[in-house]
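Here's the structure, in structure tokens; my notes come after.
Position 1 is the first residue of the sequence, and the numbers go up from there. Atoms considered below: every heavy atom in the structure, side chains included; atoms not considered: hydrogens, waters and symmetry mates.
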Amino acid sequence: MNIKEQIKQVLVLPSGEMSNYGDQLWNNFIYGSYGESDYINSLKMKDASKKKQRSFVIQNFTSLVSREFFCSYGYAQKVIISLFPKEKLASITNGFINDLNNLGE
């Protein structure tokens, strides 16, 4: 199984929704499971503009996927974009932004 298939298997449910694995990966990051600095940086994003939050979410989730599957950032980005329709990606991103904004409450 190639890397794209591995990523698809764990991130995408048969319904086309993001899997619990993807959500857990994100939550582990924002709550500092990978490092305290991730939690601190996530807390700082609560006060950032929507544009900065969006950029933070996309950059960090893509980095997480690239680390989990031992591939480059660019390849992880291409795979994520290919797995979800544009509207679904926007919905996932907005959900992750909501997670940021609810952090520490």
*Any donor and acceptor pair, going by atom type alone, linking the side chain of Thr93 with main-chain N or O of Leu89 inside 3.5 Å?*
yes
*Check: Ile40 and Lys44 side chains under 4.5 Å, non-hydrogen atoms*: yes
*Roughly how far, to the nearest 0.5 Å, is CD1 of Ile92 from CD of Glu87?*
11.5 Å
*Distance from Ser49 atom OG to Arg54 atom CZ, nearest 0.5 Å?*
11.5 Å
*Taking side chain as C-beta onward, heavy atoms only, is Leu64 less than 4.5 Å from Tyr34?*
yes
For residues 4-14, which side-chain N or O atoms pair as donor and acceptor with protein atoms under 3.5 Å away, sequence neighbours left out?
unit_1, atom_1, unit_2, atom_2, d
Lys4, NZ, Ser82, OG, 3.4
Glu5, OE1, Asn2, N, 3.2
Gln6, NE2, Met1, O, 3.1

*How many angstroms lie between atom CZ of Phe29 and atom CD of Gln24, to the nearest 0.5 angstrom?*
14.0 Å
*Please check if atom NZ in Lys78 has more than 12 non-hydrogen atoms from other residues, nucleotides or ligands closer than 6.0 Å.*
no
*Find the distance between CG (Asn102) and CD1 (Ile97) and round it off to the nearest 0.5 Å.*
12.0 Å
*Atom CG of Leu103 and atom NZ of Lys46: how far apart are they, to the nearest 0.5 Å?*
6.0 Å
*Should Ile3 and Phe70 count as side-chain neighbours, where that means a heavy-atom distance under 4.5 Å?*
no
*Please say whether more than 12 non-hydrogen atoms of neighbouring residues, nucleotides or ligands are located less than 6.0 Å from CG in Asn20.*
no
*asked:* Testing the basics here: between Phe96 and Met18, what is the closest heavy-atom pair and its distance to 0.1 Å?
replied: CZ-CE, 4.4 Å
*Nearest non-hydrogen partners of Gln53 and Met45, listed with the distance*: NE2-O, 2.8 Å
*Return yes if some donor-acceptor pair links the side-chain N/O of Ser66 with the main-chain N/O of Ser63 below 3.5 Å, else return no.*
yes
*asked:* Hydrophobic clustering (ILVMFWY, side-chain heavy atoms < 4.5 Å, transitive) - are Tyr21 and Val65 grouped together?
replied: yes
_Please verify the inter-ring angle class for Trp26 with Phe56; under 30° counts as parallel, over 60° as perpendicular, anything in between as tilted._
perpendicular
*Side-chain contact test, heavy atoms from C-beta onward, threshold under 4.5 Å: evaluate it for Asp23 versus Asp99 and give yes or no.*
no
*Given the rule that I, L, V, M, F, W and Y join up when any side-chain heavy atoms are under 4.5 Å apart, are Phe61 and Ile58 in one cluster?*
no
*Leu100 and side-chain contact (heavy atoms from CB on, under 4.5 Å): which partner among Asn60, Leu43, Ile30?*
Ile30
